[in-house]
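Notes follow once the structure below has been shown.
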Number of protein chains: 2
Amino acid sequence: MTARILDFETVDLRFPTSRELDGSDAMNPAPDYSAAYLVLRTDHPRAPEGHGFTFTIGRGNELVVAAVEAVARRATGLPVEEITADLGGFARHLAADSQLRWLGPDKGVLHLATAAVVNAVWDLAAKIAGEPVWKLLADMPPEQLVDLVDWRYLRDELSPAAALDLLRAAEPGRAERERHVRESGYPAYTTSAGWLGYDDDKLRRLCREAVDAGWGSVKLKVGADLDDDRRRCRIAREVLGPQRRLMIDANQTLGVQDAIRWHRGLSEFDIHWFEEPTSPDDVLGHAAIQRAIAPTHVATGEHGHNAVMFKQFLQAEAIGICQLDACRLAGVNEAVAVLLLAAARGVPVCPHAGGVGLCELVQHLSIFDYVAVSGSLDDRVVEYVDHLHEHFVDPVRMRDGRYLPPEAPGYSAEIRRDSLRRFSFPDGPEWS
Amino acid sequence: MTARILDFETVDLRFPTSRELDGSDAMNPAPDYSAAYLVLRTDHPRAPEGHGFTFTIGRGNELVVAAVEAVARRATGLPVEEITADLGGFARHLAADSQLRWLGPDKGVLHLATAAVVNAVWDLAAKIAGEPVWKLLADMPPEQLVDLVDWRYLRDELSPAAALDLLRAAEPGRAERERHVRESGYPAYTTSAGWLGYDDDKLRRLCREAVDAGWGSVKLKVGADLDDDRRRCRIAREVLGPQRRLMIDANQTLGVQDAIRWHRGLSEFDIHWFEEPTSPDDVLGHAAIQRAIAPTHVATGEHGHNAVMFKQFLQAEAIGICQLDACRLAGVNEAVAVLLLAAARGVPVCPHAGGVGLCELVQHLSIFDYVAVSGSLDDRVVEYVDHLHEHFVDPVRMRDGRYLPPEAPGYSAEIRRDSLRRFSFPDGPEWS
């Protein structure tokens with residue numbers, strides 16, 4: 001009997017994080033971290049459910065949930081094994097509704113929704129394989145990995161043949177790197193200390209705690225007031241000492257010239273990277289900023305809405321750090337595309353995380369990148385934010401500031417039933 | 001007594017155009033031309049209603065309608081005269097919900113929805129002024145026009161001061177150009193002949209009818225099969241003769257190298273512009289294509305999602321024709337930004353039209369551009385597609401292949417009550 005995707009369930013999940021100013025930055029003063037959450041239901045004996053989601057920060061999550069439903073309808077009724085045998089074809093099928101495509105294309109609400117569906121299907125595929133997603137990916141032959149990607153708009157930068165060469169060149173070391181990452185984990189950095197809504201005392205205390213906990217780097221939100229940011233960077237640098245790394249993040253609040261001026265005002269504090277200095281759409285603007293602030297790296301990607309944008313950031317030498325997002329991109333397939341593009345240019349991928357469950361997802365992508373794509377840990381760190389993990393069935397496990405590879409089958413995407421009920425918007429007990 | 005926006009009504013309006021393959025192209029084989037339609041209701045004696053909409057091609061229109069409601073809530077209750085006295089501030093207010101912004105930013109469903117709300121407010125403002133929108137704009141002092149724009153991400157290309165200079169330089173000729181456009185109309189071109197779903201006989205007949213009707217140029221959809229496109233371009237060129245212009249439009253179906261190859265295969269037919277050759281996000285790709293196919297112009301913009309994208313297309317010299325869209329951009333304000341950016345670079349703006357009511361809207365923008373911004377008609381043509389105009393209360397008026405300036409107060413955005421009822425989805429009589 002052929003197992004199929006029978007139907008699906010969505011949840012408009014919202015955590016009231018704005019009450020504590022967790023996650024506050026210059027662009028987003030009061031986010032309520034949210035997820036448009038999807039459960040695909042199947043009659044497959046090993047994977048009765050596939051869980052996926054995309055991350056938003058509150059209002060409008062209902063629009064993404066409605067879009068998830070529109071996209072998930074394209075998966076309903078399909079045979080599970082047919083999908084999992086051709087995950088590239090499935091992702092292209094999802095994106096091929098020309099009427100829905102008009103609403104992007106390949107960006108915004110529809111693309112976020114597509115991420116949730118693609119991620120849920122990868123969760124299914126990995127459960128059927130009995131492996132975590134990173135391991136499922138890391139064991140795929142190069143031909144199969146290349147076929148995950150929609151190459152239509154990418155070939156002028158990287159051909160499928162060149163991608164194949166790149167993956168084949170990484171094959172010999174796969175087993176050794178897998179052993180290493182299982183033993184030692186994948187490096188991380190923390191943003192928990194630096195939210196803009198925290199006062200100086202809390203900032204100092206949290207930086208101190210980060211150092212004591214063994215973190216080698218800290219990231220501060222900046223961009224509202226340069227004098228404030230100078231004071232806050234001074235505090236952080238004092239606590240960090242000269243060796244640890246300090247990164248800053250303006251969350252898109254600045255124009256191109258203002259971003260360059262901001263960096264000039266803070267450069268004495270030895271900034272390792274300057275994240276989201278300006279509009280995430282401004283490839284040429286980022287390139288101008290990167291030329292002006294080197295050797296500080298420009299970092300962006302959490303709002304990089306598709307692989308075409310990353311292709312250009314790389315072509316224009318506009319970024320030194322590639323911060324792909326597991327839900328802003330259309331799920332695992334498009335993330336694989338960006339990992340390949342970045343590896344071909346030798347640009348480190350340091351994924352955006354935090355939010356709801358982004359740490360849980362991106363650890364899979366980075367560990368796969370290390371084992372089978374870039375083969376490198378140099379200058380690679382995955383963002384880590386210490387909140388909301390308690391809601392996950394298979395939460396991230398950290399040791400000495402490093403992510404330990406997930407072991408349970410799936411994409412670590414599943415949220416506890418009790419949390420889904422409690423934080424369901426607007427009728428869950430936390431909201432009603 | 002202060003008049004306010006009291007409440008609003010939305011309509012999910014869909015025309016079953018896929019039944020006739022009107023509007024078919026290589027990316028969009030069967031669109032149902034649709035509008036997420038908004039009526040803002042006020043207690044203002046001269047403007048009890050402001051009408052606005054954004055255009056989609058069918059499925060997903062319900063998502064945009066829901067987003068229009070989310071954005072329109074930010075306008076509800078506001079004093080009408082306060083809004084119309086500060087239309088720049090109002091547009092920035094609409095875009096300033098940081099939680100909703102996350103869903104873009106400035107792109108996709110939320111941005112399309114913002115266009116509907118901004119357009120409805122301009123309809124209100126023009127009705128209160130007793131003028132069509134183009135005239136309201138054309139009579140604004142340069143300072144006020146500059147203040148319509150959100151300059152945050154644009155200053156590195158064009159400063160507000162430089163924009164002011166540009167507008168002041170155009171002031172002396174305003175009255176003369178207004179007289180001229182009222183007498184002679186604004187030039188147009190037609191796409192009606194060239195939809196991909198039409199067979200060769202229908203193509204030849206429609207090209208012949210276009211020539212007989214006095215059109216100086218025709219645009220063909222291409223991009224599915226190069227041999228087919230060679231045959232169709234040959235037919236069109238035979239009918240057009242050597243003097244009239246032939247444009248082609250691939251609707252984003254091609255990669256960068258394929259687009260260059262496609263142009264090579266069609267260049268013998270003397271192509272004036274090549275529209276949407278590849279992904280609308282690929283600034284650097286368009287630049288590469290433009291370098292390869294000159295003197296044919298690259299044209300794009302109907303999916304140019306915000307002014308930051310147009311800034312880059314201009315900076316990279318990636319386009320020779322700027323095809324802004326009145327609803328893809330966030331309404332009149334962002335369209336004014338793009339008109340200023342294009343004028344500063346001397347690139348002609350030839351707006352995207354067709355769809356539902358796009359002709360009705362963009363005529364205002366182009367006439368304003370001629371009267372008060374670029375001051376030029378050289379190489380400027382507004383797209384014209386001859387369908388669905390019968391649903392509008394104040395439809396476009398064409399004479400000798402030119403748009404006659406609208407005279408009724410407002411933005412020509414109002415659709416007849418009967419049409420709203422009949423084509424309402426899914427319960428209107430055309431659908432149920």
Side-chain angles (χ1 to χ4, degrees), chain A residues 18 27-32 34 55-64 66-67 70 97-113 151-157 252-258 278-285 288 303 305-306 308-309 311-312 315-316, chain B residues 18 27-32 34 55-64 66-67 70 97-113 151-157 252-258 278-285 288 303 305-306 308-309 311-312 315-316:
Chain A
S18 62
M27 184 64 85
N28 308 296
D32 286 321
S34 303
F55 167 60
T56 82
I57 62 171
R59 276 182 299 283
N61 198 51
E62 76 282 6
L63 301 172
V64 186
D97 182 319
S98 66
Q99 295 190 359
L100 291 178
R101 186 181 182 278
W102 183 269
L103 307 182
D106 310 324
K107 58 179 70 69
V109 166
L110 247 293
H111 211 60
L112 290 163
W151 290 99
R152 169 150 53 174
Y153 296 136
L154 306 179
R155 282 193 180 88
D156 60 308
E157 165 67 9
Q252 317 168 17
T253 43
L254 305 170
V256 173
Q257 295 117 326
D258 281 340
T278 188
S279 163
D281 296 336
D282 198 350
V283 173
L284 301 177
H303 283 80
H305 51 272
N306 60 37
V308 174
M309 295 305 295
K311 177 184 79 164
Q312 293 177 87
Q315 287 175 326
Chain B
S18 62
M27 185 63 87
N28 307 297
D32 286 321
S34 304
F55 167 59
T56 82
I57 62 171
R59 276 183 297 283
N61 198 50
E62 77 280 6
L63 301 171
V64 186
D97 183 318
S98 67
Q99 294 190 358
L100 291 179
R101 186 181 183 279
W102 184 269
L103 307 182
D106 309 326
K107 61 179 66 72
V109 167
L110 246 292
H111 212 58
L112 290 164
W151 291 99
R152 171 156 43 178
Y153 295 137
L154 307 179
R155 282 194 180 86
D156 59 310
E157 165 67 9
Q252 316 168 19
T253 44
L254 305 171
V256 173
Q257 295 117 325
D258 281 340
T278 189
S279 163
D281 296 336
D282 197 349
V283 173
L284 300 177
H303 283 80
H305 52 271
N306 61 36
V308 174
M309 295 305 294
K311 177 184 80 165
Q312 293 177 88
Q315 287 174 327

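Chain naming here is simple, since letters A, B, ... match the order of the sequence lines and numbering starts at 1 in each.
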query = Do we see a donor-acceptor contact under 3.5 Å between the side chains of A:R152 and B:Q252?
reply = no
note = For B:P105 and A:H303 the tightest heavy-atom approach is CD-CD2, 3.2 Å
key: salt bridge (Lys or Arg N to Asp or Glu O under 4.0 Å) partners of A:D281, counting only residues at least two apart   = B:K107
request  = Please list, chain by chain and in numerical order, all residues satisfying salt bridge (Lys or Arg N to Asp or Glu O under 4.0 Å) with A:K311, sequence neighbours excluded.
outcome  = A:D156, B:D282
Do side-chain atoms of [X] reach the backbone of [Y] as a donor and acceptor pair under 3.5 angstrom?
{"X": "A:Q312", "Y": "B:V283", "value": "yes"}
{"X": "B:E157", "Y": "B:V308", "value": "no"}
{"X": "A:W102", "Y": "B:G58", "value": "no"}

Just so I understand: if I count every heavy-atom pair under 4.5 Å between each of [options] and chain A, which residue has the most?
{"options": "B:G255, B:S98, B:A316", "value": "B:S98"}
{"options": "B:L103, B:V109, B:V256", "value": "B:L103"}
{"options": "B:L110, B:L112, B:D97, B:V64", "value": "B:D97"}
{"options": "B:W151, B:F55, B:Y153", "value": "B:Y153"}

Interchain contact, [X] with chain B, by part (heavy-atom threshold 4.5 Å):
{"X": "A:N306", "answer": "side chain"}
{"X": "A:T253", "answer": "both"}
{"X": "A:A288", "answer": "neither"}
{"X": "A:H111", "answer": "neither"}
{"X": "A:P280", "answer": "side chain"}

request  = Would you mind telling me which of A:L254, A:L63, A:N61 has the largest number of heavy-atom pairs within less than 4.5 Å of chain B?
outcome  = A:L63
Choice from A:G285, A:A67, A:A70 maximising heavy atom contacts with chain B below 4.5 Å = A:A67
task = Evaluate the side-chain proximity of B:D106 to B:H305: yes if any heavy-atom separation is below 4.5 Å, no if none is.
result = no
